[in-house]
Every structure is written in C-alpha cells, then in structure tokens.
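Beneath this line is the structure, given in structure tokens, with notes to follow.
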Number of protein chains: 2
Amino acid sequence: MTAKRPDLVTIADVAQHAGVAVSTVSYVLSAKRAISAATRERVLASIATLGFQPNAGARALASRRANVIALVLPLRTGMHLPILMQLMTAVVTGARGHDHDVLIMTADEGPDGLRRVADSSMVDGVVVMDVELSDPRVPVLRELRRPSVLIGFPADPSGLTCVDLDFHRAGARCVEELVALGHRGVALLGAPAVVYTRGTGFAHRTRTGFLAAVEKAEVSGVAWPCEEDQVSVATTLRDLLRRHPNTTGIVVHNEAAVDHVMRLLPSLGRRVPRDMSVIAICPDQVAERTRPALSSVSIPADEIGKQAVALLMAKLAGPPPPAATLLTPVLTVRSSTDRRQR
Amino acid sequence: MTAKRPDLVTIADVAQHAGVAVSTVSYVLSAKRAISAATRERVLASIATLGFQPNAGARALASRRANVIALVLPLRTGMHLPILMQLMTAVVTGARGHDHDVLIMTADEGPDGLRRVADSSMVDGVVVMDVELSDPRVPVLRELRRPSVLIGFPADPSGLTCVDLDFHRAGARCVEELVALGHRGVALLGAPAVVYTRGTGFAHRTRTGFLAAVEKAEVSGVAWPCEEDQVSVATTLRDLLRRHPNTTGIVVHNEAAVDHVMRLLPSLGRRVPRDMSVIAICPDQVAERTRPALSSVSIPADEIGKQAVALLMAKLAGPPPPAATLLTPVLTVRSSTDRRQR
DNA sequence: GCGGGTGGTCGAAGCGCTTCGACAATGGTG
DNA sequence: CACCATTGTCGAAGCGCTTCGACCACCCGC
C-alpha cells in the first residue's frame, strides 16, 4: 500500500506534518547540525509517509552542488565495446555510491558541450573516457571551473588527474614473462595502424613498454600493428612468421584479433602453447573463453571506473589527490604459455 | 582571447551589462514574449562577452523543467553491445536536438531509482531500453508522475508508449522472402535459450512472426534457439541439418552467432547461397562484413532511439502520442540468398 | 482626436531548498 | 548560584531563474 501521491511533496509539507521547522527537516537530511533522536525519528517518519523526495533543482540552487557528474564517451569507437560498457557501469555504480548521478555526453558535443554543462552548474565534475594523446577536450578541461578526471593519459597530463592501467608496465611485464620462460624471439601484435596514427595513449604505451623490455632483456622483438578482421590477421601473422621465424612468443594487445590469432596459429604450424606462447592484454572474460585459455594481463575496467569516480569525489571534497593513478598490471597465467621448447 | 572568467555569471550581470531588466534577458532567451530587435542584439552581445550560461538548477526550479531525461540501461547484457551503443548514442543525440541532456541509470538501480529521479524532478521523462516481457519497472512507469517511453514491448503495454522494430513482421518478412525464392523448408536460429525463458519480447515476437508466416505459406519450418559460442553453434547447426535435411533457407536472429553460421555452413556441405540461403536480422554493419554479404532485415537502432526521444518530447509537450510505434522492417537483399536449386 | 489595441519592457513574487545567526533550554563549572 | 558552553531548534535570507501583471508608448481606425 503505497502512500497517496499528491502532486508534489515539498520539505514544507514534511515540516508541517512533523511539526517542526523547514530547516530542521533539512538538517535531519544533511546531518550538518545535531538533531535530537526523537525529532529525527519523527521527521524521518513523516518523510516516509509523505513519500518526500527533495527537489534536485532547488537543492542544487541552494547548495551549489548538483550531485551529478558528467561522463564523456570516447571520441571514436575504436575502443572495445565490452570494456567501454564495463567502464560506464563502474562509473555509474561508483557515482551512486557517492550519492551522485551521471549525465552522459557523446564526444561529438566536443569542448563546447563540456563548457555548457560545467558552466551551467549542471554537473559538479567530469570524467572523460578514453582520452587521446592530443585531445581537443584536454585544454578545456584545464580551464574548466570544475574538477575532472581523465581515463587514459594525454600527451601532456600536467595539471590533470588521470587514471589508467599502467600499459607501459603491462607491455614490459609480458616480455619479462616470456623471457623468463626462455623465449628469445618475441613479437607484439597491437592495435590497428590507425589507432597509432591518431595517437591513442594506451596503444603507444604498451608498445614502448614492450620495446623497452625487449631491449633490456637483450632478446629480439618486434612490434606490429594489427587490423581486426580475420583476413588481415592471417596476412599479418604469416608475414610476421616469415620475417621473424625465430619468434616463439607473441603478445596480443587487440581484443578483436585475439580470437583469430588463436585460431590461425595452429594452421600456420604453431601449436599453442607448445610451439608458440601467447599472452594477451585484454579483459579476463576474453582470455577465458579461448581454447586454450589465454595467459593475460587483464584490463580492470571496473577498478578503473571506480578509481576515476573516487578521485573525482576527492577533488570535490578538498585538496587535490595524486595527479596520476596507474594501476599495476596483473598477469594471470593460463594455458597459452609454456617454456620454450628446444 | 576568451573573456575573463569571473566566478559565476548570472542573468543579473547580463541585465546590468546590457542595461535592461532581468526579465528582459530571460525573454530574449526563451522568446516567450516579443523583444525588439535592437534590445535582443544588445542582450545577446552581453551574453556572449560575459560568457553567460544559465544556471541549470535555478532554471529547473523556476520553470519546473529540468531539460534532462533519464535513460535506463538494459537489465542484463544479453543485448548485442553495438546495438546498445548505437541506441544510446541516438538517444543522447536526439535529446540534445531537443535541448535536453541525458542521465543514465543502470538497471540495477531498479524501480526505486526510477522513482527517485522522477520524484526529485531531476528528469522530465524516462526512456527505458530493452524492456522485458514481464519487467518489474513497468508498473512503476505507469504510476510515475512523469512521461516515459519504452524501447521494446512488455507483455501488457496498455497505458504505455512503446517503440520498437516490428519483429513479428520481420520474422514473417524473412519467411516470405525465402518462400518467394522457392524455398519450402526453412529454419529460424534465434537467441540463446535463456533469452526466451526470461521473456525478452523481441525474441518471442520474431519467432511467432516466423512461425505464423510458415503456417500461412504452408511450408515446413522450425524455430530453434541458438547459443552464441562457436562450438554450440556448430552442434546446433549439425543437429538442425540432420533432423531437417530439407532445410534450404535459414533465418538467423542472433548477432553473435551469425559469423559462425556463415563460416560453418560450407564445412557442413552447404555453400551459401547455392545450397543454403541465409537471411539475418541484425544491424547493417554486421550483415555487410560477412562473406558473402548477408541479405538482412536491419535493426535500425538510430531510428528507434530517435523515435523514442521524439515520442517522449511529444508527451512532454502535450496530448499523448500513439501508444505503440512499430517500425516497419526493411529487407535488404545482398549475396546470401538465392533461388532454390532443384 | 480619442479609445483601444498591441508591442516592448519592467518589477516583483515566487520555485523548494540550504544555511546562517539567533535563541531557548540545558548541564557542567568555578 | 551565577556564568558560560553546548545542544537543539527556529526564522529568514538568499540561490538564479521564470513568469505574471502592470505599465507606457505608440499606431490605427473612425
């Protein structure tokens, strides 16, 4: 039996019903002043029976806090969709945990959109997904009168708060693992070429991490881009094995290509893991569904989203939190890696 | 050279700068009263130089319109992600076209979440994606004090505004096409079994449409659910061809399985389209990237999202629009269908 | 040339909430 | 026992905007 639903229940109705002042109701809700237990109970009861729900606009106006954050979607959809969704869900859930709601903006609203929602006090802060190395929204973010957190790193992250998986370490970690297993010829199959040319940070960072580790370990290693369709993957893989026949370990940083790679390798005479060890950088669910299951560095979208929100809330609350949060990559060994056979 | 950025520009600042009353500025912005061209120019100029952006909270409070709509994500992620994203983008873009922003809510906020955002006047209306046949959110929607539009149909759509592709017609249309090409044994490969048991409307409707058309055309036809992984698809397909060897036309309503089906059919001795015609119900981009390209009924996510917003805006503006909007399926013939060979 | 539109502008009253200062009523302290 | 902090509550002043009624010029028609 739901309460009657009058057209609009205001805080004044609650106050009257409970026999207290409007301000008292407000303080019960915000706990910014001490309220006696008896009064609190009474007010809470009135709120419940009347089905009072504070008016968001009025609250925002008076408190100068909208309790809403903006989430800006990626510029282009090169991003792996499942990761994107996970990230989104994590941000929304995280925000709700801090009593905030989430406004979404498509990237094509661009810098002006950011200004609009920020300057209209519609949102208290902004989370930008999938920032690119030279992203037109970044300068705007800097001069915005509201705090922001970036998921991903632009070329110059100074003055900004960024979160991401430490892809540099991730690339290196994969090499180290392969080297530890005795592999002396390794390769990185990365994102499609266009992703590098348009300057998406995580692709670059994985590559430099990979190459740095290759150099340090004094093994031979190459980093190739890789398209996403089966035919291109086949071509790329064939080329790779022809030009670098000593390759016995491959790192794949490309969710869409990973299935194809696993399927094609045996048909190119390389059984996994016996003849070829494969490590992916991808979400766990992708790694777990291939045969054999992939050893992988997971992309912890949930954690990234949660962190992004936490950082934004910290900025809203007070002194600036650390500028850069790099999550340490975790490598899970499954069945696609093995000691090098001699 | 951007204007100086004082801490907050209000409508009063604009009024003073332009030498008019606050209300005049408001009327320039809303055009709800006639304003002389001269004054308008002056006010607009002041707005531009001061970089005025109306405060969303104040506006919402005074006008009782937040200019925000809520978009509720699907309950479970059985939905094809690309479609979901397209839908989301279309809704956001559509909303912006009507000068509204979009708040996202994950489904696990549930009915209470809906009440919260609606009763707090945080949003003016609600769009719910991927409604299920018996959806706990539906009764809440009915008694909500704000208009809503559903994407998809619940079991009982009375009193609600719903939009969707006419999946019943889509299923029938595919059969008709195959029959017209001379096929007398057809099959529907649908969504995973769990999708039917949990009562997702579009899967059911496609099936009933398919079966009705089969009966009407007096051909033989079966409708099977179909899992999404390659192994299951192979099993299902093999079973199907064994138990119904006279099948020469297949309708696939399962984005994830469609690639596998196309790849597996030749290895089961059925070349497409020579031995087997295939029609998919899927987004165009999926249909276009297979070899051979798939004849398909497209799922017009953009159009659905646009319609949903348009309907919501209509409800906000005045008299209720049509309760049900069923988009007519369009079949595009590509290379996966052919006359039945005798 | 006078009454009645009508186009253009203003002032003020809210919208529903938060928050600040004020003020009883306590209770502990010297 | 007078004094001062505390604790709990209230009233009122905004927050920045929309909107309503009022008002003043006009211009038109008769």
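Below, read A as the first sequence line, B as the second, and so on, with proteins coming before strands; counting in each chain starts at 1. Computed from a prediction, not measured in an experiment: that's the story for all the values here.
- Between B/Ala308 and B/Val163 the shortest heavy-atom distance is CA-CG2, 3.9 Å.
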Protein proximity profile, nucleotides 15-22 of chain D - base contact B, sugar-phosphate-only contact S, no contact -, cut-off 4.0 Å on heavy atoms | BBBBBBBB
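- For the pair A/Leu71/A/Met129, a side-chain contact is recorded, criterion being any heavy-atom separation below 4.5 Å from C-beta on.
- Looking at every heavy atom in both residues, B/Arg146 comes nearest to B/Ser121 through NH2-OG, 3.0 Å.
- Between A/Val123 and A/Ile69 the shortest side-chain heavy-atom distance does not fall below 4.5 Å.
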Enumerate donor-acceptor pairs with a distance under 3.5 Å from any side-chain N or O in residues 86-94 of chain A to protein atoms, sequence neighbours excluded.
| residue | atom | partner | partner atom | Å |
| --- | --- | --- | --- | --- |
| A/Thr89 | OG1 | A/Met85 | O | 2.8 |
| A/Thr93 | OG1 | A/Thr89 | O | 2.7 |

List the atom pairs, with distances to 0.1 Å, where a side-chain N or O of residues 150-158 of chain A and a protein N or O form a donor-acceptor pair under 3.5 Å, not counting sequence neighbours.
| residue | atom | partner | partner atom | Å |
| --- | --- | --- | --- | --- |
| A/Asp156 | OD1 | A/Ser158 | N | 2.9 |
| A/Asp156 | OD1 | A/Ser158 | OG | 2.9 |
| A/Asp156 | OD2 | A/Ser158 | OG | 3.2 |

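- Of the residues A/Thr39, A/Val43, A/Leu44, the one that meets the side-chain contact (heavy atoms from CB on, under 4.5 Å) test with A/Val25 is A/Val43.
- The terminal axes of the helix from C/dG1-D/dC30 to C/dG30-D/dC1, fitted over 5 pairs per end, subtend an angle of 40° to the nearest 10°.
- Within residues 35-42 of chain B, the residues approaching DNA chain C are B/Ile35, B/Ser36, B/Thr39, by heavy-atom distance under 4.0 Å.
- Taken from CG in B/Leu73 to CG in B/Asp130, the straight-line distance is 10.0 Å, to the nearest 0.5 Å.
- The shortest side-chain heavy-atom distance between B/Cys162 and B/Val131 does not fall under the 4.5 Å cut-off.
- Contacts classified as side chain to side chain donor-acceptor pair (under 3.5 Å) and involving residues 97-112 of chain A (residues at least two apart or in different chains) are given here: A/Asp101-B/Arg116, A/Thr106-A/Asp108, A/Glu109-A/Arg116, A/Glu109-B/Arg96, A/Asp112-A/Arg115.
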